[in-house]
Amino acid sequence: MERKRMDCPALPKGWKREEVTRKSGLSAGKSDVYYYSPSGKKFRSKPQLARYLGDTFDLSCFDFRTGKMLSSKVNKNKKVTTRALDSNKKYDASLVLPIRQTASIFKQPVTHVRSKANKGSETRNDPKSANQEQPKQLFWEKRLQGMNACDIAEEVIKNMELPKSLEGLGPGWNDETLLQSIASSLHLSNSPITGQTTAPSTVEKNPAVWLNTDQPLMKPLVVSDEDIRKQEERVRQARKRLEEAIAGKYLHTNNHTD
């Protein structure tokens with residue numbers, strides 16, 4: 001392999017760009033690009049670089065492959081920013097989950113219409129077929145296995161611990177799959193989260209038939225009166241701490257003013 005490392009003017013001072021050209025194999029002639037921070041840390045992708053730099057440097061117009069700022073993107077971003085400020089609109093990127101939805105492979109119902117004028121017939125599509133819901137992929141949450149959220153220092157953020165009353169359902173489930181399934185259901189659905197109402201043994205035998213794709217992969221959730229009282233107490237304690245913190249800050253400000 002041939003390696004070329006040089007300074008990258010598009011990034012802050014001290015950053016270097018390395019291009020590695022492959023000399024053998026089926027990919028001979030192709031090259032890989034890496035970046036090195038002033039401390040020597042190696043970065044293999046633009047998302048990894050963006051996580052590290054955070055808000056200290058804007059990479060929206062940075063081309064990771066060439067190591068340059070694209071002027072066309074700069075001008076385009078300026079126009080979008082100006083338009084957003086003028087219209088006072090908020091642009092929010094929605095979370096897109098990796099769920100595969102394909103067109104139905106089943107035969108679509110049709111309506112057979114006979115015409116007396118020409119003694120012929122014609123076939124029309126049934127309007128109801130256009131409103132059919134596309135099939136959803138089962139257990140798509142497994143695509144997220146082994147993936148973890150990281151902070152700016154690329155330290156893995158520890159997953160939250162779920163209550164013991166939440167139990168997973170389905171083949172090969174674990175706490176990580178359960179958390180991902182619940183989070184996606186809260187994000188995509190407006191209906192209450194109740195869990196799978198079908199008996200667990202039935203779902204295990206034939207999940208393709210009995211699994212409700214609008215609910216997370218967990219057993220039916222039962223919220224007792226005791227659970228509600230405990231949550232109300234947590235909220236009351238949190239509000240009390242907030243009230244005390246605000247009162248303490250107000251007194252501190254007044255003392256400095258006097």
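In this text the structure is predicted, and so the values were computed from the model without any measurement.
- Both L166 and I228 are members of a single hydrophobic cluster when ILVMFWY side chains are connected at heavy-atom separations under 4.5 Å.
- Annotation for R229: atom CZ counts as buried by contact number, over 12 foreign heavy atoms lying within 6.0 Å.
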Problem set entry | Stepwise side chain to side chain contact (heavy atoms under 4.5 Å, CB included) check, T21 with K30 | CA-CA 6 Å; T21 305; K30 295 184 177 180; over 6 Å; no

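- Paired with R234 under the rule side chain to side chain donor-acceptor pair (under 3.5 Å), one option of Q237, E232, Q231 passes, and it is Q231.
- Heavy atoms from other residues, nucleotides or ligands lying under 6.0 Å from CG of D55 number 12 at most.
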For this session: Carefully, step by step, assess Q48 and R44 under the rule side chain to side chain contact (heavy atoms under 4.5 Å, CB included).
Result: CA-CA 7 Å; Q48 188 181 17; R44 301 172 181 271; 3.9 Å; yes

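- In this model, no donor atom of one side chain and acceptor atom of the other lie less than 3.5 Å apart for R17 and T66.
- Once rounded to the nearest 0.5 Å, the distance linking NZ of K16 with OG of S37 reads 11.5 Å.
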Exercise. Side chain to side chain contact (heavy atoms under 4.5 Å, CB included) between L59 and K46: does it pass, once the steps are laid out?
Worked result: CA-CA 8 Å; L59 291 174; K46 186 175 179 178; 4.2 Å; yes

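- Around CD of E244, the count of heavy atoms belonging to other residues, nucleotides or ligands within 6.0 Å exceeds 12.
- The shortest heavy-atom contact between F57 and A10 is CZ-O, 3.0 Å.
- In the hydrophobic clustering of ILVMFWY residues, with side-chain heavy atoms under 4.5 Å counting as a link, V223 and I182 come out together.
- Residue R22 places its CZ atom among more than 12 non-hydrogen atoms of other residues, nucleotides or ligands, all under 6.0 Å distant.
- Residue W15 is tested with Y36, Y35, F43 for a ring-ring contact (aromatic ring centres under 6.0 Å, His included); the sole match is F43.
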For this session: Evaluate the side chain to side chain contact (heavy atoms under 4.5 Å, CB included) criterion for residues C8 and K68: first the C-alpha distance (whole Å), next the side-chain angles of each, then the deciding distance (0.1 Å), finally the verdict.
Result: CA-CA 8 Å; C8 183; K68 299 178 180 179; over 6 Å; no

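- Considering every non-hydrogen atom in both R65 and D32, the closest pair reads NH1-CA, 4.1 Å.
- Interatomic distance, T194 OG1 to D214 CG, rounded to the nearest 0.5 Å: 10.0 Å.
- For E243, the CD atom is loosely surrounded, since the number of other residues' heavy atoms within 6.0 Å does not exceed 12.
- No more than 12 heavy atoms of other residues, nucleotides or ligands sit less than 6.0 Å from atom NZ of K205.
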